[in-house]
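Residue numbers count from 1 along this sequence. Hydrogens, waters and symmetry mates play no part in the numbers below; they use all other heavy atoms, side chains included. Values in this document were obtained by computation on a predicted structure and should not be read as measured data.
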Amino acid sequence: MTHRCATCHYGPRRLGDELISVCRTGIGDELRSTTYFTDEDVEQLYLRSDLERTADLTGFAELERAGFHADDLYRNSQLGEYRATVRMFEHGYLTRVIEGLGGVWITTDSMSMERVDELASSVKPVLAAYPEES
């Protein structure tokens with residue numbers, strides 16, 4: 001059983017559904033949550049049923065919004081183009097991907113960094129396909 005948004009007010013329902021689909025296809029049951037955010041809004045699109053809605057989404061969003069400036073801050077880096085941010089926690093990872101004016105953070109159980117990289121790479125084109133929202 002999963003919890004999903006009914007309306008996805010801050011991102012269009014199609015975008016929310018596509019983000020959830022890409023994440024579930026890529027990592028299956030290791031997906032913990034998916035949250036869409038913009039400069040002003042945040043909405044949790046998916047939460048695995050064994051987890052509780054206790055996260056401070058507004059607080060997380062404030063921190064993750066710093067990513068809207070990452071492209072500028074990391075420009076001309078010898079590391080190459082900025083793609084995503086990964087945060088490691090005791091029980092898994094938070095991966096943030098930004099495209100345009102919107103972004104998503106995805107929480108997962110612990111897994112290989114290769115799978116985290118694949119997840120971030122698969123989410124970016126979905127956000128890019130909705131330029132009016134992201």
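Shown here are the side-chain contact (heavy atoms from CB on, under 4.5 Å) partners of E114, two or more places apart in sequence or in another chain: S112, E118. Partners of D29 by salt bridge (charged side-chain N to carboxylate O under 4.0 Å, His left out), not counting sequence neighbours, listed by chain and number: R24. Every residue meeting the side-chain contact (heavy atoms from CB on, under 4.5 Å) condition with D56, not counting sequence neighbours, appears here in chain and number order: T58. Among residues two or more places apart in sequence or in another chain, the side-chain contact (heavy atoms from CB on, under 4.5 Å) test is passed with S77 by L79. Partners of T107 by side chain to side chain donor-acceptor pair (under 3.5 Å), not counting sequence neighbours, listed by chain and number: S33. Judged as a side-chain contact (heavy atoms from CB on, under 4.5 Å), and not counting sequence neighbours, S110 has no contacts. Applying the salt bridge (charged side-chain N to carboxylate O under 4.0 Å, His left out) rule to E64 yields the partners R87, R96; only residues at least two apart in sequence or on another chain are considered. For R32, the salt bridge (charged side-chain N to carboxylate O under 4.0 Å, His left out) partners are D109, not counting sequence neighbours.
Both I20 and M111 sit in one connected hydrophobic cluster of ILVMFWY residues. Membership requires side-chain heavy atoms under 4.5 Å apart, directly or through other members. L73 and F68 fall into different hydrophobic clusters, where Ile, Leu, Val, Met, Phe, Trp and Tyr residues are linked whenever their side-chain heavy atoms come under 4.5 Å apart, directly or through other members. Put simply, V126 and V116 are part of the same group of oily side chains (I, L, V, M, F, W, Y) that touch within less than 4.5 Å, one to the next. Cluster membership for Y82 and V97, using ILVMFWY side-chain heavy atoms within less than 4.5 angstrom, is not shared.
By the 4.5 Å heavy-atom criterion applied to side chains, V123 and I106 are counted as neighbours. Between E81 and Y74, the closest side-chain pair of non-hydrogen atoms is not below 4.5 Å. At least one side-chain heavy atom of V86 sits under 4.5 Å from a side-chain heavy atom of T95. Counting heavy atoms from C-beta on, the side chains of D39 and L101 never come closer than 4.5 Å. Between Y36 and L127, some side-chain heavy-atom pair lies under the 4.5 Å cut-off.
Atoms CD1 and CZ, on I27 and R115 in that order, are 6.5 Å from each other to the nearest 0.5 Å. The structure places CG of L45 at 7.5 Å from CG of L15, a figure rounded to the nearest 0.5 Å.
No donor-acceptor pair under 3.5 Å is formed between the side chain of T25 and the backbone N or O of V22. One N or O on the side chain of K124 and one on the backbone of I98 form a donor-acceptor pair closer than 3.5 Å.
Listed here is the closest heavy atom pair of C23 and T34: SG-OG1, 4.1 Å. L57 and Q44 get closest at one heavy-atom pair: CD1-CB, 3.8 Å.
Around the CE atom of M113, the shell of radius 6.0 Å holds more than 12 heavy atoms that belong to other residues, nucleotides or ligands.
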What do the steps show when you test T35 against V104 for side-chain contact (heavy atoms from CB on, under 4.5 Å), and what is the final call?
CA-CA 5 Å; T35 304; V104 64; 5.7 Å; no

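For residues 88-127, the pairs satisfying ring-ring contact (aromatic ring centres under 6.0 Å, His included) are F37-W105, F60-W105, with sequence neighbours left out.
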